[in-house]
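What you see below is based on every heavy atom in this structure, not just the backbone, and it leaves out hydrogens, waters and symmetry mates.
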Protein chains: 2
Amino acid sequence: MPRAARVSQDQILAAAAAEFAERGFAGARVDRIARRARVNKAMLYYHFTSKQQLYRTLLRRSFTLASTRLRAIADGNAAPADKVRDAIAAFASLIREHAFLPSMMLREVADAGVHLDRETLAALAGVPRAFAAIVAEGVASGAFRDVDPLSAYLTIIAPVIFFHASAPIRQQLGAMHLMSGTAAADFVDHVQESVQRAFAPDRPLRRSTR
Amino acid sequence: MPRAARVSQDQILAAAAAEFAERGFAGARVDRIARRARVNKAMLYYHFTSKQQLYRTLLRRSFTLASTRLRAIADGNAAPADKVRDAIAAFASLIREHAFLPSMMLREVADAGVHLDRETLAALAGVPRAFAAIVAEGVASGAFRDVDPLSAYLTIIAPVIFFHASAPIRQQLGAMHLMSGTAAADFVDHVQESVQRAFAPDRPLRRSTR
DNA sequence: GTCTATACTTCGATAGAC
DNA sequence: GTCTATCGAAGTATAGAC
């Protein structure tokens, strides 16, 4: 692919990510995406079939990346508690790299996935699947109490996503003196610590040799 | 207010709640709201000034109700751990009564609160404020370890909202054999249990007399 | 209070020149 | 590959009869 085309495509994807995160699929305006990408609308439609395809491309890439990284952690040989710690850190890292993800995820969840095709939905499902493998391993080995893997996933991913996506509204409430602030790093620490305690078995085992 | 008007207004509010929850503010169509309410569009604009006012009215009512109930729990004389339990149960109850809330909250958080006026934002802020009072009391009395009240709130409200709002997409993933299911009651139990463990002090105190 | 009809605007997408 | 101009559909909101 020629360099110029690649540049345009990346500009469009970055602009679309920002627009979709801020406004959602229905609220996003193709004109605004083109303007933000500094290309005209016809150029956008030259590279991408439709608003929907642009949207799907963005999410599919992120889901695949998240899934790959999480699977690598799950397949490692660390203790389950450490894998969970690493998984939470991995979510936080991914969000730092793909700042549009939290907002887009909240919106797509609320939209029941209607904008996603089969392939993108499958990529999405790979994330909880990989995380659940970690939890199941920990439960089986006695490192965790008997927690439901999917519930465990949701109690972790929801706060992390929600915290990041809610930064703007929390900032606004802060400016109105209606809410105090919490730093992102402190929040991730809180989740890390809370999850370790929440998953710990009633009579903690001595860490087994591996 | 005449009975007929009241009926129309309630029909419109109920229809709007469903439409906004399914599609979000930008995706919601006034025509669809009117059709769902079985009134025509002019009737809707007779009772409500605009799509936006309808939206705000819905959320302000829910926020105020949530805030009132939570404040009642916070002001009670139960032990902090029990107040937290009651608060989580109260969130679950409110959601059962206002099924549109989880989805609308996710969307509004992603939208940074742009559709809300000052009054509605203040009502929203009352919810974490009331919950934080419970946590602060528990931390002060030694019933909880030193958790940040706002972080504590987010780690509870996010999973509860996310779980409910994600029911449709999880069901779809289940139908595609990409994810297994979890019952709502089981999930609330998981949150209850996890939070008690996450908040517990390192050396649990004997329950103090009051 | 309730309706039909429609004004006015904005959007996604495309045509066609270069 | 990139542009300007524009089409047709769909949206919010209102006018005005009853």
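Side chain of V30(A), nearest nucleotide from dG12(C), dC3(D), dC3(C): dG12(C). Ranking dG1(C), dT12(D), dT2(D) by closeness to the Y46(B) side chain, first place goes to dG1(C). If you check dG12(C), dT14(C), dA15(D) against the side chain of K51(A), the one that comes closest is dG12(C).
Taking the ring axis of F48(A) as reference, the NZ or CZ atom of R56(A) does not stay both within 45° of it and closer than 6.0 Å to the ring centre.
One atom, CZ of R35(B), and another, P of dC3(C), lie 15 Å apart when rounded to the nearest Å. Residue D31(B) contributes atom CG, which lies 13 Å from atom C1' of dT4(C) at whole-angstrom precision. One can place OH of Y45(B) at 7 Å from P of dT14(D), the figure rounded to the nearest angstrom. Nucleotide dG1(D) holds its C1' atom 19 Å from the CZ atom of R38(A), rounded to whole Å. Remark: P of dT2(D) and CZ of F48(A) are 13 Å apart, rounded to the nearest angstrom. Atom NE2 of H115(B) is separated from atom P of dT12(D) by 12 Å (rounded to the nearest Å). A straight line from NZ of K41(A) to P of dC11(C) spans 9 Å, rounded to a whole angstrom. In this structure, the CG atom of N40(B) is 6 Å from the P atom of dT4(C), given to the nearest Å.
Dashed line: the shortest gap from a side-chain N or O of R29(B) to OP1 or OP2 of dA10(D) is not under 4.0 Å. For the pair S8(A) and dT2(D), the criterion of a side-chain N or O lying under 4.0 Å from OP1 or OP2 is met. The phosphate of dG12(C) has neither OP1 nor OP2 within less than 4.0 Å of any side-chain N or O from S50(A).
Note on K83(A) versus E137(A): salt bridge recorded, some NZ/NE/NH1/NH2 to OD/OE distance being below 4.0 Å.
Between H115(B) and Y55(B), the ring planes lie perpendicular to each other; the angle is over 60°, past the 30° to 60° tilted range.
In this structure a side-chain-to-backbone donor-acceptor pair under 3.5 Å is missing from T120(B) to L116(B). When atom types are taken as modelled, the side chain of Q192(A) and the backbone of R85(A) share a donor-acceptor pair closer than 3.5 angstrom.
When each of M43(B) and Q52(A) is assigned the nucleotide of DNA chain C with its nearest heavy atom, M43(B) is the one assigned upstream, toward the 5' end.
Counting non-hydrogen atoms under 4.0 angstrom, A34(A) reaches nothing in the nucleic acid.
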